[in-house]
Every structure is written in C-alpha cells, then in structure tokens.
Amino acid sequence: MMEIKVPELAESINEGTIVEWLKQEGDYVQNGEPIAELETDKINVEINSDFSGIIKQFLFMPGDTVQVGQVIAILDENENHFGNVPEPELKPESLILEKEKPNNNLVASPAARKRARELGVSLDEIPYKDPLGRIRVEDVEDYKKSHRDLTNNEPNHQQANTVTKNQSNQLKVDEKDQQIERVKMSRRRQTIANRLLEAQHNAAMLTTFNEVDMTAIMDVRNRRKESFNKKHGVKLGFMSFFTKAVIGALKEFPFLNAEIQGDEILIKKFYDIGVAVSTDDGLVVPVVRDADRLSFAGIEKEIGVLSEKARNKSLGLKDLQGGTFTITNGGIFGSLYSTPILNAPQVGILGMHKIQRRPVVIDDEDTIEVRPMMYIALSYDHRIIDGKDAVQFLVKIKELLESPEDLLLEG
C-alpha cells in the first residue's frame with residue numbers, strides 16, 4: 001500500500017481545504033494523474049498521485065482541512081485496471097441487504113462516512129445495495145429514516161398537551177428556520193476576511209480623497225482606441241493611464257512604495273503594481289511586474305492576461321505575491337465613493353470609482369461646465385506616511401491624469 005500526501009505548496013502555505021475528489025475509491029489512477037482539488041489561501045491546486053494503482057481509501061472528505069505532508073489517500077500499486085481485482089459475485093438485492101459485514105471490510109464513500117457521523121449512525125449497522133459492497137449516502141439516509149419512523153410511531157400521551165400548547169409558536173420558529181440558508185465560508189473567503197481585519201488592526205489606516213476630470217483621458221481614448229487596438233491587439237482602457245500615473249507619483253513619494261518590517265522601512269526601487277480583480281470566489285490581486293518598464297499596450301495586455309487567469313482559476317502563486325502598491329476599481333460595479341482597505345504589507349492603495357457627469361467650475365475661466373468626473377481615494381498607513389505627503393501624492397495622480405501627455409514623461 002502506498003500513501004498519497006499533500007505536497008509542498010509554497011513557503012507561506014501550510015494547509016488547504018479539499019474541494020473535491022477527482023476520482024472515486026476503487027478507481028485506477030496513473031502516476032502523475034490528479035486525484036483531488038485543493039483550495040489554499042490564494043489559489044486552487046490539483047494534487048497528483050505519485051504512484052499507479054487502485055485507490056483503496058480516501059482519508060478525508062470534501063471540506064476537510066489538510067496539512068502539507070499529511071496522508072490523504074491510500075493506493076494499492078499491486079492492483080491495476082486489467083482485471084486483477086476479483087469481481088464480487090452478484091446476488092439478489094434481498095440477499096445483499098441481509099449480508100453481514102465485518103468491520104475490517106467496510107467500504108463507504110467519504111460522503112457516506114460524513115453523513116453517518118452527522119446522524120450518529122454506526123456503519124456496521126447499515127445494509128447496502130451496491131453490488132460491490134459500498135455504503136452510499138442514500139443507504140445511511142434510508143437506515144436513519146427507518147429507525148426514526150419506528151421511534152415516532154410510539155405514542156407519548158404525557159407530552160400531548162404540552163406539544164399542543166406550544167405548537168403555534170414552534171411552527172412560526174420552524175418557518176423562519178426554513179428561510180435561513182447556512183453557507184460555509186470557503187478557505188479563500190476566510191483568508192480574505194482575516195487579512196482585511198488584520199490590515200485594519202495592524203495599520204494606522206487613513207483615507208484621503210480627490211476628484212479627477214476625465215475629459216482629457218476620454219478624448220485620447222476616443223481618438224486613439226481604434227488605431228491602438230489595430231496596432232497592439234488590445235483595447236486602450238483606463239487602467240494603463242492610472243497605472244502610469246501611480247508610478248509617476250510613487251517615484252516622487254517613495255514611502256508609498258514601501259512596507260514596514262519591525263523597526264525598519266523597506267523602500268522598494270521597483271514597481272510591481274497589484275490590480276484587484278473580482279471573481280466568484282472573492283477578490284484577488286494579481287501583480288503586474290515591473291510596470292514602469294511596460295508601455296501602455298504592455299500594461300493593458302498584462303492586466304488582460306491576469307484577469308483571464310483569475311476568472312479561470314489558473315493564477316499561480318507567483319502571480320499574486322510581492323506587489324508594492326495596489327489599484328482597485330469599484331467603479332466597474334457602480335461605486336461612486338469608497339475607502340479601500342490596505343493590501344498588507346503594502347502601505348498604500350488607490351481606489352478608482354464610477355465616472356459621473358456633473359457640473360464643475362472651470363479654473364481661470366469662472367464658468368461652469370458638465371464634465372466626466374471621478375472620485376479617487378488613497379488609503380495609506382499613517383505610521384510612515386504623513387497626511388501632507390498622502391494628499392500631495394493624490395494631487396500628483398490627479399495632475400498626471402488630467403494631463404495625459406505628462407504620463408509619457410513622468411510615468
């Protein structure tokens with residue numbers, strides 16, 4: 001018998017949650033073939049078998065947490081899929097139900113084992129219908145139901161009056177209970193929750209706001225979007241403008257591109273910009289590496305690739321680690337105003353919002369015009385960033401965005 005263990009995943013990941021088994025007990029598996037999907041704090045990974053043979057037993061069920069190096073399944077490499085496993089003699093169902101099963105030969109699916117534990121039922125007592133002798137979930141349910149029916153048929157006159165008296169109130173409670181759905185948090189959602197709470201507890205977080213007149217950028221996009229797409233094979237979006245503006249501001253205010261380690265400040269001389277992406281499993285922040293060295297087209301392409309990988313759940317750990325600053329865009333969901341939470345250990349995050357046309361006073365002209373405006377927010381760690389620098393950082397971003405030509409010189 002060979003043991004299948006949880007492999008080393010990454011330096012910062014020590015455990016995961018089994019999402020599903022990709023095989024069943026009794027299936028033949030080849031060396032290197034995936035047998036389970038594991039959800040970690042950051043990504044989903046497949047666990048491959050290191051051997052070829054028949055899966056004899058799963059030691060955990062979907063939803064269970066397992067540690068790196070822990071044995072999760074037993075495989076018999078001496079059995080194969082060429083018929084070495086003797087087929088059991090098929091018997092009529094009536095005989096199968098009456099068959100006695102010794103403890104050491106019990107075969108039950110992981111789901112059946114879990115359900116038996118939930119119902120407080122011993123597997124030894126459950127008759128099965130499967131010709132191969134496996135206990136299924138429905139066997140457990142049927143067994144429990146048959147015993148519950150027998151118990152419920154016994155009269156209890158002593159409690160009849162009490163039941164009648166409280167029946168009305170109890171029915172109301174039961175009706176409310178039936179309208180409640182309990183959904184277990186996924187490992188990734190738990191991690192997101194813990195990290196957000198940790199960021200708020202471990203940083204002196206503050207948010208400052210400004211607004212950007214998007215007229216110039218929208219004019220550039222309208223004039224150049226077709227030729228840009230034709231030349232580079234990617235659409236000219238807003239994220240490349242904002243990424244370039246952030247980089248220009250970070251170069252002028254380097255403490256926003258840093259992190260705190262103990263009593264030291266690590267100021268980073270590279271610009272790996274995280275871009276928050278919403279998925280069905282929650283928010284992830286893949287990183288655009290060396291964004292200062294990329295063109296507008298390079299940034300748009302990289303963001304497109306990372307976003308697609310996020311939606312397909314194919315992001316690797318290297319895609320998510322090591323960002324120096326983060327940009328998040330709540331505007332795509334209609335958000336007009338928000339205070340983004342820091343992506344620790346980073347000390348700054350920029351929040352973009354919905355572009356909304358509203359009347360504004362035009363400087364030096366003493367006139368009012370309707371312009372496409374966007375509120376932007378900078379959340380920062382006040383422990384190392386003064387309010388003056390945070391405000392000026394955001395003003396710098398505003399100036400660069402309202403004068404896109406400057407992005408080519410400073411971004």
* Asn229 side-chain N/O to Glu226 backbone N/O, donor-acceptor pair under 3.5 Å -> no
* With the side chain counted from C-beta on, respond yes when Leu320 and Val287 share a heavy-atom pair under 4.5 Å apart, and no when they do not. => no
* Hey, do the aromatic rings of Phe393 and Phe325 have their centres closer than 6.0 Å? -> yes
* To do: Say whether, by atom type as modelled, one donor and one acceptor occur between the side chain of Thr243 and the main chain of Met239 under 3.5 angstrom.
  => yes
* When you look at CZ of Arg293, are more than 12 heavy atoms from neighbouring residues, nucleotides or ligands closer to it than 6.0 Å? -> no
* To do: Please identify each residue that fulfils salt bridge (charged side-chain N to carboxylate O under 4.0 Å, His left out) with Glu37, with sequence neighbours left out.
  => none
* Would the number of heavy atoms belonging to other residues, nucleotides or ligands and lying under 6.0 Å from CZ of Phe253 be above 12? -> yes
* **Distance, nearest 0.5 Å, that separates CG of Leu22 from CD1 of Ile47** => 9.5 Å
* Flag the pair Glu402 and Lys398 as a salt bridge only when some basic side-chain nitrogen lies within less than 4.0 angstrom of an acidic carboxylate oxygen. => yes
* Asked: Thinking salt bridges, do Glu259 and Lys268 make one under a 4.0 Å N-O criterion?
  -> yes
* To do: Can you see which heavy atom on Ile397 is nearest to which on Ala249, and at what distance?
  => CG1-CB, 3.7 Å
* Under-4.0 Å salt bridge between Lys23 and Glu33 -> yes
* To do: Might you work through the side-chain contact (heavy atoms from CB on, under 4.5 Å) test for Tyr143 and Val121, ending with a clear yes or no?
  => CA-CA 9 Å; Tyr143 177 80; Val121 174; 3.5 Å; yes
* To do: Taking the side chain as every heavy atom from C-beta outward, state whether Phe255 and Ile267 have any atom pair closer than 4.5 Å.
  => yes
* Asked: Backbone N or O of Pro340 within a donor-acceptor pair of the Ser379 side chain at under 3.5 Å?
  -> yes
* Compare all side-chain heavy atoms of Val140 with those of Ile135 and state whether any distance is below 4.5 angstrom. => yes
* Structure fact -> From the list Ile303, Val285, Leu306, side-chain contact (heavy atoms from CB on, under 4.5 Å) with Val275 holds only for Ile303
* **Nearest atoms (heavy-atom pairs only) where Ala204 meets Asp381** => N-OD1, 3.4 Å
* To do: Answer yes or no: is there a side-chain heavy-atom contact under 4.5 Å between Glu15 and Val66?
  => no
* May I ask you to decide if Gln67's main-chain N or O and Gln70's side chain share a donor-acceptor pair within less than 3.5 Å? => yes
* Asked: Any donor and acceptor pair, going by atom type alone, linking the side chain of Asn257 with main-chain N or O of Phe270 inside 3.5 Å?
  -> yes
* Structure fact -> Nearest heavy-atom contact between Val347 and Ala258 is CG2-O, 3.4 Å
* In terms of side-chain heavy atoms, does Ser52 have a donor or acceptor partner in Asn31 at a distance below 3.5 Å? -> no
* With the side chain counted from C-beta on, respond yes when Val277 and Pro286 share a heavy-atom pair under 4.5 Å apart, and no when they do not. => yes
* Considering non-hydrogen atoms only, spot the tightest contact between Ala203 and Leu342 and give its length. => CB-CD1, 4.0 Å
* Ser314 side chain to Asn312 side chain, donor-acceptor N/O pair below 3.5 angstrom -> no
* Kindly indicate, with the supporting measurements, whether the criterion side-chain contact (heavy atoms from CB on, under 4.5 Å) is fulfilled by Ile299 and Lys244. => CA-CA 9 Å; Ile299 292 174; Lys244 286 291 186 181; 3.8 Å; yes
* **Residues in side-chain hydrogen bond (donor to acceptor under 3.5 Å, both in side chains) contact with Glu300, at least two apart in sequence or another chain** => Ser240
* What distance separates Asp50 CG from Glu3 CD, expressed to the nearest 0.5 Å? -> 11.5 Å
* Parallel, tilted or perpendicular: rings of His232 and Phe228 (30°, 60°) -> tilted
Throw together a table of side-chain donor-acceptor distances under 3.5 angstrom for residues 328-337, partners on residues two or more places apart or in other chains.
residue : atom : partner : partner atom : Å
Asn329  : OD1  : Gly331  : N            : 2.9

* To do: Locate the shortest heavy-atom distance separating Asp139 from Pro127; write the atom from each residue and the value.
  => CB-O, 3.7 Å
* Salt-bridge present (Glu308, Arg311; N to O < 4.0 Å) -> yes
* Would you call Glu125 and Lys144 a salt bridge, using N to O less than 4.0 angstrom? -> no
* Quick one: do Val288 and Asp272 satisfy side-chain contact (heavy atoms from CB on, under 4.5 Å)? Show the steps, please. => CA-CA 6 Å; Val288 179; Asp272 290 349; over 6 Å; no
* Measure the shortest side-chain to side-chain distance between Val360 and Met373 over non-hydrogen atoms and say whether it is less than 4.5 angstrom. => yes
* Output yes when a side-chain donor or acceptor of Asn202 lies under 3.5 Å from a complementary backbone atom of Ala199, and no otherwise. => no
* Does NZ or CZ of Arg224 come closer than 6.0 Å to the centre of the six-membered ring of Phe241, within 45° of the ring's axis? -> no
* To do: Using atom types as modelled and distance alone, determine if a side-chain donor or acceptor of Glu25 lies under 3.5 Å from a backbone N or O of Phe58.
  => yes
* With no hydrogens and no angle check, do the side chains of Thr326 and Gln346 hold a donor and an acceptor under 3.5 Å apart? -> yes
* Asked: Ignoring hydrogens and geometry, is there a side-chain-to-backbone donor-acceptor pair from His353 to Tyr375 under 3.5 Å?
  -> yes
* **Spacing of CD1 belonging to Ile55 relative to CD1 belonging to Ile4, to within rounding of 0.5 Å** => 6.0 Å
* **CA sep, side-chain torsions, deciding dist, call: Lys56, Glu77, salt bridge (Lys or Arg N to Asp or Glu O under 4.0 Å)** => CA-CA 10 Å; Lys56 301 300 292 184; Glu77 61 178 351; over 6 Å; no
* Which atom names give the shortest non-hydrogen contact between Leu400 and Ala245, and what distance separates them? -> CD1-O, 3.5 Å
* Asked: Does the side chain of Ile349 reach to within under 4.5 Å of the side chain of Ile327, using non-hydrogen atoms?
  -> no
* Quick one: CG on Asp389 to CD on Gln392, what's the gap to the nearest 0.5 Å? -> 6.0 Å
* Between the side chain of Asp386 and the main-chain N/O of Lys388, is any donor-acceptor distance below 3.5 Å? -> no
* **side-chain contact (heavy atoms from CB on, under 4.5 Å) between Leu294 and Asp290, intermediate numbers included** => CA-CA 7 Å; Leu294 297 177; Asp290 297 318; 5.8 Å; no
* Out of curiosity, Met205 CE to Ile341 CD1, how far, rounded to the nearest 0.5 Å? -> 5.0 Å
* Asked: Is a side-chain donor or acceptor of Asp219 paired with a backbone partner of Thr215 at a separation under 3.5 angstrom?
  -> no
* Structure fact -> d(Leu378 CG, Thr339 OG1) to nearest 0.5 Å is 12.0 Å
* Does some side-chain heavy atom of Leu401 sit less than 4.5 Å from a side-chain heavy atom of Phe238? -> no
